[in-house]
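Numbers here are sequence positions counted from 1. Atom set for the values below is all heavy atoms of this structure, side chains included, hydrogens, waters and symmetry mates excluded. Note that ligands are numbered from 1 as they come in the structure, with each ligand's atoms numbered from 1 the same way.
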Amino acid sequence: KESVDEEMKGTDTSKLPKRRLTFCVEGNISVGKTTFLQRIANETIELRDLVEIVPEPIAKWQDVGPEHFNILDAFYAEPERYAYTFQNYVFVTRVMQEKESASGIKPLRLMERSVFSDRMVFVRAVHEANWMNEMEISIYDSWFDPVVSSLPGLIPDGFIYLRASPDTCHKRMMVRKRSEEGGVTLDYLRGLHEKHESWLLPSKGGGSGVLSVSQLPVHLEGSLPADIQDRVFYLEGDH
Ligand code: DCP
């Protein structure tokens, strides 16, 4: 309590929400999620005091165990062999990341991606590519719902969708040149884009920045706040 009091010294707590809010930042590979979050983190001292940034645990995927295995690299090198193993590990590391940030006191937590985009975008994509077979997706689904339902911290209050064309993301990916992503094609990015769209903007009707979510993960609709439909925001990011 002392350290909480110390950290909150000088902050007018009457203006803070009673419960911390969590938003997950979503979007295609290379759309600029990390840059967006870094900008918020470094924007102003006031923002820094209010917002806790939880980056995606990609470093954990690139350096596993004392042997320093790179499971992201293994996945792209042999997707049929490692898609399930990788998605399983992605989930576990998100749980770890959530736990690590669970006791923070800043009123807004922004997390890079979520277990929901893992399921609704990436697991769908690797299944469609036949990199995850029927048995593997069935195993994934058999634990996904019960585990997520028992870990309420994984369920956000809303989503921020950074939206750009697959061409833009492809160009940014080429500039960034993450070594593991050498084999990621424009077609794969198109598939991921289409899955983000059908998940986060199934009924996009021009102009509005507030969208509705449909098909929220598999059977989890009941666990999500009833008004989550009104809590998906998107930002156009082609420029
Ligand atoms: N990835 C995956 N399956 C997941 C989550 C991520 O295959 N469930 C892969 C896609 C990328 C890498 O992990 O190759 C990191 O993905 P992100 O799109 O989340 O992160 P970026 O660093 O590309 O995002 P940005 O450039 O927007 O910051």
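For Met173, the heavy-atom gap to ligand 1 stays at 4.0 angstrom or more.
Scanning the protein heavy atoms around atom 22 (O) of ligand 1, the nearest turns out to be Arg178 NH2, 2.8 Å. Residue, atom and distance of the protein heavy atom nearest to atom 9 (C) of ligand 1 are Tyr76 OH, 3.8 Å. Of the protein's heavy atoms, Lys33 NZ, 3.0 Å lies nearest to atom 24 (O) of ligand 1. Of the protein's non-hydrogen atoms, Trp61 CZ3, 3.5 Å is the one closest to atom 13 (O) of ligand 1. At the top of the distance list for atom 11 (C) of ligand 1, counting protein heavy atoms only, stands Glu181 OE2, 3.1 Å. Among all protein heavy atoms, the one lying closest to atom 16 (O) of ligand 1 is Glu56 OE1, 3.5 Å. Scanning all protein heavy atoms for the shortest distance to atom 1 (N) of ligand 1 gives Phe122 CE2, 3.8 Å.
Less than 4.0 angstrom separates some heavy atom of Phe75 from each of these atoms of ligand 1: 7 (O). Annotation for ligand 1: atoms under 4.0 Å from non-hydrogen atoms of Leu72 are 13 (O). Close contacts of ligand 1 with Ile29, meaning ligand atoms under 4.0 Å from a residue heavy atom, involve 10 (C), 11 (C), 14 (O), 18 (O), 23 (O). In the vicinity of Gln87, heavy-atom distances shorter than 4.0 Å reach the ligand 1 atoms 2 (C), 3 (N), 4 (C), 7 (O), 8 (N). Numbered from 1 in the order shown, with element, the atoms of ligand 1 that lie under 4.0 Å from a heavy atom of Asp118 read 4 (C), 5 (C), 8 (N).
Centroid-to-centroid, the aromatic rings of Tyr82 and Phe75 stay 6.0 Å apart or farther. Ring centroid separation for the pair Phe91 and Trp143 comes in under the 6.0 Å cut-off.
Between Arg94 and ligand 1, a contact under 3.5 Å exists for no N or O pair. Ligand 1 has no N or O atom lying under 3.5 Å from any N or O atom of Tyr188, backbone or side chain. Backbone and side-chain nitrogen or oxygen atoms of Phe86 are examined, and none is located within less than 3.5 angstrom of a nitrogen or oxygen of ligand 1. Remark: ligand 1 and Arg176 share an N or O pair separated by less than 3.5 Å (distance only, no angle test).
Counting all heavy atoms, side chain and backbone alike, Leu192 lies closest to Ala125 at CD2-CB, 3.7 Å. Listed here is the closest heavy atom pair of Leu200 and Glu26: CD1-CB, 4.0 Å. When all heavy atoms are compared, the tightest approach of Val54 to Gln97 is CG1-CG, 3.3 Å.
At a heavy-atom distance under 4.0 Å, no atom of Arg172 approaches ligand 1. Residue contacts with ligand 1 for Arg113 involve side-chain atoms from C-beta outward but no N, CA, C or O (heavy atoms, distance under 4.0 Å).
Annotation for Arg48: atom CZ counts as buried by contact number, over 12 foreign heavy atoms lying within 6.0 Å.
By the 4.0 Å N-to-carboxylate-O rule, Arg172 lies too far from Glu181 to be salt-bridged with it.
In this structure, Trp131 has no side chain to side chain donor-acceptor pair (under 3.5 Å) partners at least two apart in sequence or on a different chain.
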Q) After noting the C-alpha distance and the side-chain angles of Tyr89 and Trp61, does the key distance pass the ring pair (Phe, Tyr, Trp, His ring centres under 6.0 Å) rule? A) CA-CA 8 Å; Tyr89 193 62; Trp61 310 338; 8.1 Å; no
